[in-house]
Structure formats: C-alpha cells, structure tokens
Amino acid sequence: MSSRYSYFRPMDESDLDWVMSVETAAYDFPWSRQGFEKALDDGLSYVFCDATRQSLGYACFLSVLDEAHLLNLCIAPGHHRQGVASEGLKALIDHFASAAFEVMLLEVRESNPAVRLYKKLGFVEDGVRPNYYPVKSLENGERAAEREDAILMSCRLN
C-alpha cells in the first residue's frame with residue numbers, strides 16, 4: 001500500500017466497537033455484531049490503517065478451498081474517495097494471491113458505486129442474483145416492496 005495507507009492488519013475483538021459504528025453509519029442493513037464475531041472466528045477479517053495506525057476501513061472474507069469470498073468491504077466516513085478501498089483491496093488481492101488462492105469472489109448491489117472500483121481492479125461480472133438485496137425502509141418504517149439485484153463478480157488471482 002502507499003505510505004498514506006500503509007498496511008492492513010488482522011481485525012480483532014478490540015476493533016468491534018469501531019467496526020460496528022462504521023457499519024451502522026454506512027449501511028441501511030448492517031451486519032450484526034454476531035456476524036463480525038463469526039468473521040473473526042473464521043480468521044480472514046482485516047482493518048485498513050494509515051501510517052499512524054488510525055483505522056480507515058475494514059474487509060471480511062470467507063475462505064472456501066482456493067477461493068477468497070469478499071463478504072464485506074467498508075470505508076469509514078471521512079475517508080471515502082481517498083483511495084483507501086482501492087489501495088486496501090489491491091493489497092489484499094496480492095496477499096491472497098501469495099497465499100495460493102486462485103480467485104476472489106464477491107457480490108455487490110447493482111447501484112453500488114464500488115462496481116466501478118471492482119472492474120478497475122480486474123473483477124469481471126459472472127452473473128446476477130435478481131431481487132437479492134432489500135431496499136431501504138420507507139419513511140413510515142415499513143419495508144419497501146422493491147428489491148435490488150446483486151452482481152456476482154470474480155477476479156483471478158494467479
């Protein structure tokens with residue numbers, strides 16, 4: 001990673017309060033704390049940090065044979081559009097490639113601007129899961145009837 005975004009490190013229990021605050025600020029349908037605890041047990045969760053060790057974002061993966069499945073990638077408010085996601089994901093792609101993983105997989109909302117980032121980093125569209133993601137609740141608290149498609153993407157690592 002560049003000197004500004006110097007490294008990623010394994011996520012641990014002490015990160016969970018910060019991760020939950022970022023997650024709930026970023027998503028209409030955030031992961032639960034239990035979800036992050038499970039990700040910690042799986043051992044493939046990382047925090048992106050700057051040179052001063054300030055946490056900037058995080059990524060959680062699931063390993064299946066020689067595949068790394070990106071489950072969650074989120075950058076903290078105040079650090080968006082500064083290259084954190086791009087540099088962090090590039091470093092993790094290199095990390096998984098050097099660990100003999102063959103492919104990285106993900107699914108993303110079709111409306112998510114990160115689709116452009118993933119394509120820029122070599123991900124290709126493999127398919128669509130129609131009506132996969134719920135859409136934000138209505139102002140009166142009821143769930144909207146519409147759902148949004150998920151784009152399935154992959155990137156060869158070797």
For this session: Report yes if some heavy atom in the side chain of Glu23 is under 4.5 Å from a heavy atom in the side chain of Asn72; otherwise report no.
Result: yes

Exercise. Which pair of heavy atoms, one from Leu92 and one from Ala59, lies closest together, and at what distance?
Worked result: CD1-CB, 3.9 Å

Seminar exercise, completed: CG (Leu56) and OG1 (Thr52) are apart, to the nearest 0.5 Å, by 7.5 Å

Problem set entry | Ionic contact status for Arg9 with Asp15, cut-off 4.0 Å | yes

Problem set entry | Co-membership, hydrophobic cluster, residues Val84 and Tyr46, 4.5 Å side-chain | yes

For this session: Starting at OG of Ser86, measure out to NZ of Lys120 and round the result to the nearest 0.5 Å.
Result: 4.0 Å

Problem set entry | Leu157 CG to Phe101 CZ distance, which is reported to the nearest 0.5 Å | 9.0 Å

Problem set entry | Verdict with supporting geometry, His69 and Leu44, side-chain contact (heavy atoms from CB on, under 4.5 Å) | CA-CA 10 Å; His69 293 246; Leu44 294 176; over 6 Å; no

Seminar exercise, completed: Residue set satisfying salt bridge (charged side-chain N to carboxylate O under 4.0 Å, His left out) with Arg33, at least two apart, ordered chain then number -> Asp17, Glu37

Exercise. Partners of Lys119 by side-chain hydrogen bond (donor to acceptor under 3.5 Å, both in side chains), sequence neighbours excluded?
Worked result: Glu125

Problem set entry | Pair Phe48 + His79: ring centers closer than 6.0 Å | no

Exercise. With under 30° as parallel and over 60° as perpendicular, where do the rings of Trp31 and Phe36 fit, or are they tilted in between?
Worked result: tilted

For this session: Please name all residues satisfying salt bridge (charged side-chain N to carboxylate O under 4.0 Å, His left out) with Glu67, sequence neighbours left out, ordered by chain then number.
Result: none

Exercise. Is the ring centre of Phe8 less than 6.0 Å from the ring centre of His95?
Worked result: yes

Problem set entry | Partners meeting ring pair (Phe, Tyr, Trp, His ring centres under 6.0 Å) with His80 (sequence neighbours left out) | none

Problem set entry | Residue list, salt bridge (charged side-chain N to carboxylate O under 4.0 Å, His left out) with Glu107, at least two apart or on another chain | Arg129

Problem set entry | Contacts of type side-chain hydrogen bond (donor to acceptor under 3.5 Å, both in side chains), residue Ser14, not counting sequence neighbours | Asp12

Exercise. So if you build clusters from Ile, Leu, Val, Met, Phe, Trp, Tyr with side-chain heavy-atom gaps below 4.5 Å, do Ile75 and Tyr58 land together?
Worked result: no

Exercise. Which residues pass the side-chain hydrogen bond (donor to acceptor under 3.5 Å, both in side chains) test with Asp126, sequence neighbours left out?
Worked result: Ser154

Exercise. Rounded to the nearest 0.5 Å, how far does CD of Glu87 lie from CG of Leu121?
Worked result: 9.0 Å

Seminar exercise, completed: By ring pair (Phe, Tyr, Trp, His ring centres under 6.0 Å), Tyr133 pairs with (sequence neighbours left out) none

Problem set entry | Joint hydrophobic cluster, Leu40 plus Val19, side-chain heavy atoms closer than 4.5 Å | yes

Exercise. Going hydrophobic residue to hydrophobic residue with side-chain gaps under 4.5 angstrom, can you get from Trp18 over to Met20?
Worked result: yes

For this session: Using atom types as modelled and distance alone, determine if a side-chain donor or acceptor of Arg109 lies under 3.5 Å from a backbone N or O of Ala150.
Result: no

Seminar exercise, completed: Across all chains, not counting sequence neighbours, the side-chain contact (heavy atoms from CB on, under 4.5 Å) partners of Asp149 are Glu110, Val128, Pro130, Asn131

Problem set entry | Residues forming a salt bridge (charged side-chain N to carboxylate O under 4.0 Å, His left out) with Lys38, sequence neighbours excluded | Asp42

Exercise. Would you call Val115 and Ile151 a side-chain contact if the rule is heavy atoms closer than 4.5 Å?
Worked result: yes

Exercise. Between CG of Leu106 and CG of Leu71, what distance do you get to the nearest 0.5 Å?
Worked result: 10.0 Å

Exercise. Excluding sequence neighbours, so at least two apart, what forms side-chain hydrogen bond (donor to acceptor under 3.5 Å, both in side chains) with Asn158?
Worked result: Glu102

Exercise. Between Glu148 and Ser111, is there a donor-acceptor pair closer than 3.5 Å when you use the side chain of the first and the backbone of the second?
Worked result: yes

For this session: State which residues pass ring pair (Phe, Tyr, Trp, His ring centres under 6.0 Å) with Phe123; sequence neighbours excluded, sorted by chain then number.
Result: Tyr118

For this session: Run the numbers on Phe96 and Ser63 for side-chain contact (heavy atoms from CB on, under 4.5 Å), then give the verdict.
Result: CA-CA 10 Å; Phe96 283 110; Ser63 168; over 6 Å; no

Problem set entry | hydrophobic_cluster_shared for Leu105 and Phe61, side chain cutoff 4.5 Å | no

Exercise. Can you name the closest pair of heavy atoms from Val22 and Ala76 and give their distance?
Worked result: CG1-CA, 3.8 Å

For this session: Would you give the length of the straight line joining atom CG of Leu16 to atom OG of Ser21, rounded to the nearest 0.5 angstrom?
Result: 11.0 Å

